[in-house]
A.B. asks: 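Below you will find the structure I want to go over with you.
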Amino acid sequence: MKYALIGCGRIATNHVKAVLNNGLEFVAACDIELANIETLLAKHNLQNDKLIARYADYKQMISEHPELELVAIATSSGLHAEIALYCINHGINVIIEKPMAMSMSDAEKIISLSEEKGVKVCACHQNRFNVAVQKTRKALEEGRFGKLSHGSIHVRWNRNKDYYTQAPWRGTWAEDGGCLMNQCIHGIDLLRWMMGNEVDTVYGVTRQQQHHYLEAEDVGMAVVTFKNGAVATIEGTTNVYPQNLEETLYLFGEKGTVKIGGKSTNNLDVWDFADETEADKANKGLEEQTSNVYGNGHTSLYADMIDAIKNNRKPYVDAVAGRNALEMILAIYKSMKTGLPVKLPLNNFASIDMKGAFGGVQE
């Protein structure tokens, strides 16, 4: 399957690993800074591979490679929707890094256009493939939790000034959003997915406590009510001193309790069920080793997307999943802006609508 990567920054190495692990034909790479492409390819000993074409313009790349079947978009967040819509219009299947878009209208356009063109779209929420997450999802689908009572996600990470100065788009409303949109979206995706997807209301509060050189928040809290009666809390921040602490998901049901912990929801810290089996004993204390906070899920996500294209089915993490995660965060932002709970579904709201929420950028 012929593949190209658009955007060769921080997350791109996970995409290249997934490409190599799945045996895709790596046709082209694109980045506005050609040096970024060379740095990325060298990291994977591909710098001398002349079969990988290099481009600074994704439209030129697509026009010169009409044979492309799959493109991954890993640019600054503000460009995701524009590039995705262009690829979809040209009949190319896409994997879109999170967030899928920066506005509800763009997310809906991606969904509708992909359906119209018969193109597969995968939202890159790779943590759904974590071993701990998959085991929890299986238990949930088997009804082992009974009626869900409540849950929570805690993303307690650190991002310092050096991280933001590496890429000036980070922390801006137009191109990125704050810690909820960038760092916490994977955990928020897992929470919504596990707790039934059908959200009633979101009430959120965000603050900019330490990163006053940004436009957006560095801490966010929310209370979520689901249509199935369950409730949940969200806590996300990049203010933890001195380094990443945890990304932890709790699920509480009448017959089961699970805590998925670790730096990126990769361990089973608690696994208790009323109908405990012999297999459950192996799950207690499970730890999945990861090389970074992005985990190991990209390879599995790519494998699923390749299979979805070949067998003409929906990807495991489809465009609607990407829309749902985005909707949660934009609902928190809107709640912060209005001071009121926000009823879902959310229409016509974008990250840029938060412009000026914390005053001007201070040095």
A.B. asks: Have N158 and N244 got a donor and an acceptor in their side chains that come within less than 3.5 Å?
C.D. replies: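 No, because no side-chain N or O of N158 sits under 3.5 Å from a partner of the opposite role on N244.
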
A.B. asks: Hydrophobic cluster membership, with links at side-chain heavy-atom distances under 4.5 Å among I/L/V/M/F/W/Y: are V121 and L79 in one?
C.D. replies: yes

A.B. asks: Go through the structure and list residues passing ring-ring contact (aromatic ring centres under 6.0 Å, His included) with F145, not counting sequence neighbours.
C.D. replies: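 In terms of ring-ring contact (aromatic ring centres under 6.0 Å, His included), with neighbours along the sequence ignored, F145 is linked to F273.
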
A.B. asks: Knowing that exactly one of D280, T277, T136 qualifies, which makes a side-chain hydrogen bond (donor to acceptor under 3.5 Å, both in side chains) with R144?
C.D. replies: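 That would be D280.
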
A.B. asks: Give the intermediate values and the outcome of salt bridge (charged side-chain N to carboxylate O under 4.0 Å, His left out) for residues D189 and R128.
C.D. replies: CA-CA 9 Å; D189 165 64; R128 289 196 184 193; 2.7 Å; yes

A.B. asks: Identify the heavy atoms of G262 and N267 that sit nearest to each other, and give their distance.
C.D. replies: CA-ND2, 3.5 Å

A.B. asks: Mind checking whether T225 and V199 have side chains closer than 4.5 Å, heavy atoms only?
C.D. replies: no

A.B. asks: With the threshold set at 4.0 Å, does a side-chain nitrogen-carboxylate oxygen contact exist between K337 and D353?
C.D. replies: no

A.B. asks: Report whether I62 and F26 are members of the same hydrophobic cluster (ILVMFWY, side-chain heavy atoms less than 4.5 Å apart, transitive linking).
C.D. replies: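 Hydrophobic grouping puts I62 apart from F26.
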
A.B. asks: If you apply the rule side-chain contact (heavy atoms from CB on, under 4.5 Å), what do you find for R313 with K120, and how did you get there?
C.D. replies: CA-CA 8 Å; R313 63 164 176 84; K120 310 297 179 203; 5.9 Å; no

A.B. asks: Of all heavy-atom pairs between G236 and C179, which one has the smallest distance, and what is that distance?
C.D. replies: O-SG, 3.6 Å

A.B. asks: Do F358 and L214 make a side-chain contact, defined as non-hydrogen atoms from C-beta onward lying under 4.5 Å apart?
C.D. replies: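 Answer no - side chains too far apart.
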
A.B. asks: Between H150 and Y250, do the side chains contain an N or O donor and an N or O acceptor separated by less than 3.5 Å?
C.D. replies: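 No, no side-chain donor-acceptor pair sits under 3.5 Å.
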
A.B. asks: Of the options N266, L268, L190, which is the one that meets I260 in a side chain to side chain contact (heavy atoms under 4.5 Å, CB included)?
C.D. replies: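 It is L268; the other options fail the test.
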
A.B. asks: With a 3.5 Å distance limit and no angle check, can you tell me whether T338 reaches the backbone of K334 through a side-chain donor-acceptor pair?
C.D. replies: yes

A.B. asks: Going by side-chain hydrogen bond (donor to acceptor under 3.5 Å, both in side chains), D218 matches just one of T206, N239, T238. Which one?
C.D. replies: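 Going through the options one by one, the only one that passes is N239.
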
A.B. asks: Can you name the residues that form a ring-ring contact (aromatic ring centres under 6.0 Å, His included) with H44, not counting sequence neighbours?
C.D. replies: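 Counting only residues at least two positions away or on another chain, H44 forms no ring-ring contact (aromatic ring centres under 6.0 Å, His included).
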
A.B. asks: Could you tell me whether the side chain of S335 and the main chain of Y203 form a donor-acceptor pair under 3.5 Å?
C.D. replies: no

A.B. asks: Nearest 0.5 Å please: distance from the CD atom of Q166 over to the CG atom of N160.
C.D. replies: 8.0 Å

A.B. asks: What distance do I111 atom CD1 and D106 atom CG have between them, rounded to the nearest 0.5 Å?
C.D. replies: 11.5 Å

A.B. asks: Using the side-chain hydrogen bond (donor to acceptor under 3.5 Å, both in side chains) rule, pick out the option among H125, H15, Q126 that qualifies with E97.
C.D. replies: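 Considering H125, H15, Q126, a side-chain hydrogen bond (donor to acceptor under 3.5 Å, both in side chains) with E97 is found only for H15.
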
A.B. asks: For N182 and K98: C-alpha separation, side-chain torsions, deciding distance, then whether side-chain hydrogen bond (donor to acceptor under 3.5 Å, both in side chains) applies.
C.D. replies: CA-CA 8 Å; N182 195 319; K98 54 76 185 169; 2.7 Å; yes

A.B. asks: State whether the side chain of N21 and the backbone N or O of K17 hold a donor-acceptor pair below 3.5 Å, judged by distance alone.
C.D. replies: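 Such a contact is found between N21 side chain and K17 backbone.
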
A.B. asks: One thing to verify: whether K355 and E215 come together as a salt bridge, which I'm taking to mean a side-chain N less than 4.0 angstrom from a carboxylate O.
C.D. replies: yes

A.B. asks: I'd like to know if the side chain of H212 reaches the main chain of Q209, judged simply by a donor and an acceptor atom lying under 3.5 Å from each other, with no hydrogens or angles considered.
C.D. replies: yes

A.B. asks: Anything under 30° is parallel, anything over 60° is perpendicular, the rest tilted; go ahead and classify W173 against Y333.
C.D. replies: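 Because their plane-to-plane angle is over 60°, the rings of W173 and Y333 count as perpendicular.
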
A.B. asks: Can a donor-acceptor pair be found between the side chains of E288 and N296 at a distance below 3.5 Å?
C.D. replies: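 Yes - a donor-acceptor pair under 3.5 Å links their side chains.
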
A.B. asks: Within the structure provided, determine whether P99 and I329 are in side-chain contact (heavy-atom separation under 4.5 Å).
C.D. replies: no

A.B. asks: Give me the atom names and distance for the closest heavy-atom approach of G7 to A12.
C.D. replies: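 The pair with the smallest heavy-atom distance is O-CB, 3.7 Å.
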
A.B. asks: Decide yes or no for N89 and K117: does some side-chain heavy atom of the first lie under 4.5 Å from some side-chain heavy atom of the second?
C.D. replies: yes

A.B. asks: Does Y55 form a ring-ring contact (aromatic ring centres under 6.0 Å, His included) with H65? I'd like the steps, not just the answer.
C.D. replies: CA-CA 11 Å; Y55 290 90; H65 293 278; 5.6 Å; yes

A.B. asks: Any link between L191 and L140 through a network of hydrophobic side chains (Ile, Leu, Val, Met, Phe, Trp, Tyr) touching at under 4.5 Å?
C.D. replies: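 Yes, one cluster joins them.
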
A.B. asks: Applying the salt bridge (Lys or Arg N to Asp or Glu O under 4.0 Å) criterion to E246, which one of K259, R156, K263 satisfies it?
C.D. replies: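 The option that passes is R156.
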
A.B. asks: Is any side-chain heavy atom of V16 closer than 4.5 Å to one of L46?
C.D. replies: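 L46 vs V16: side chains touch.
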
A.B. asks: Any non-hydrogen side-chain atom of N93 less than 4.5 Å from a side-chain atom of M305?
C.D. replies: yes

A.B. asks: Are L344 and F226 connected in a single hydrophobic cluster, I mean Ile/Leu/Val/Met/Phe/Trp/Tyr linked by side-chain heavy atoms less than 4.5 Å apart?
C.D. replies: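 In one cluster with F226: L344, yes.
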
A.B. asks: Does E254 use its side chain to pair, donor to acceptor, with the backbone of K147 at less than 3.5 Å?
C.D. replies: yes

A.B. asks: Let's go through L286 and V131 carefully: what are the C-alpha distance in whole Å and the side-chain angles of both, what is the deciding distance for side-chain contact (heavy atoms from CB on, under 4.5 Å) to 0.1 Å, and is it a yes or a no?
C.D. replies: CA-CA 9 Å; L286 178 146; V131 175; 4.0 Å; yes

A.B. asks: Do you know the tightest heavy-atom contact between V342 and A331?
C.D. replies: CG2-O, 3.6 Å

A.B. asks: Output the distance between atom CD1 (I73) and atom CG (L5), rounded to the nearest 0.5 Å.
C.D. replies: 10.0 Å

A.B. asks: Are any non-hydrogen side-chain atoms of L34 and E38 less than 4.5 angstrom apart?
C.D. replies: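 When only atoms from C-beta onward are counted, E38 and L34 do not touch, as no gap falls below 4.5 Å.
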
A.B. asks: Cation over ring, R170 on Y163, under 6.0 Å and within 45°?
C.D. replies: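 Yes, a cation-pi geometry holds between R170 and Y163.
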
A.B. asks: Return yes if a side-chain donor-acceptor contact under 3.5 Å exists between S300 and H298, otherwise no.
C.D. replies: no

A.B. asks: Among V71, I92, L24, V27, which one satisfies side chain to side chain contact (heavy atoms under 4.5 Å, CB included) with K2?
C.D. replies: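 Single side chain to side chain contact (heavy atoms under 4.5 Å, CB included) partner of K2 among V71, I92, L24, V27: V27.
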
A.B. asks: Under the ring-ring contact (aromatic ring centres under 6.0 Å, His included) rule, what do H90 and Y86 come out as? Steps first, then yes or no, please.
C.D. replies: CA-CA 6 Å; H90 285 76; Y86 190 87; 4.3 Å; yes

A.B. asks: If you define the side chain from C-beta out and look only at heavy atoms, does anything of T257 sit under 4.5 Å from L251?
C.D. replies: no

A.B. asks: Please check this pair: side chain of N130 against backbone of V133, looking for a donor-acceptor N/O pair closer than 3.5 Å.
C.D. replies: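 Not at all, since once roles are kept as given, no pair shorter than 3.5 Å links the two residues.
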
A.B. asks: Can you tell me how far CD1 of I110 sits from CD1 of I96, rounded to the nearest 0.5 angstrom?
C.D. replies: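 Taking CD1 in I96 and CD1 in I110, the distance rounds to 4.5 Å.
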
A.B. asks: State plainly whether one hydrophobic cluster holds both F252 and M194, where clusters connect Ile, Leu, Val, Met, Phe, Trp and Tyr through side-chain heavy atoms under 4.5 angstrom apart.
C.D. replies: no

A.B. asks: What's the shortest heavy-atom distance between L41 and I52, and which atoms?
C.D. replies: CD2-CD1, 4.1 Å

A.B. asks: Filter on side-chain hydrogen bond (donor to acceptor under 3.5 Å, both in side chains), then keep only pairs touching residues 74-85, sequence neighbours left out; what's left?
C.D. replies: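 Applying side-chain hydrogen bond (donor to acceptor under 3.5 Å, both in side chains) to every pair that reaches into residues 74-85, excluding sequence neighbours, yields Y58-E82, S76-E175.
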
A.B. asks: Check this for me: does any side-chain nitrogen of one of R207 and E217 sit under 4.0 Å from a carboxylate oxygen of the other?
C.D. replies: no

A.B. asks: Distance check, rounded to the nearest 0.5 Å: N36 atom CG versus I32 atom CD1?
C.D. replies: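 Answer rounded to 0.5 Å: 8.0 Å.
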
A.B. asks: Identify the two heavy atoms, one from A123 and one from D318, that lie closest to each other, and give their separation to 0.1 Å.
C.D. replies: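 The answer is CB-O, 3.7 Å.
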
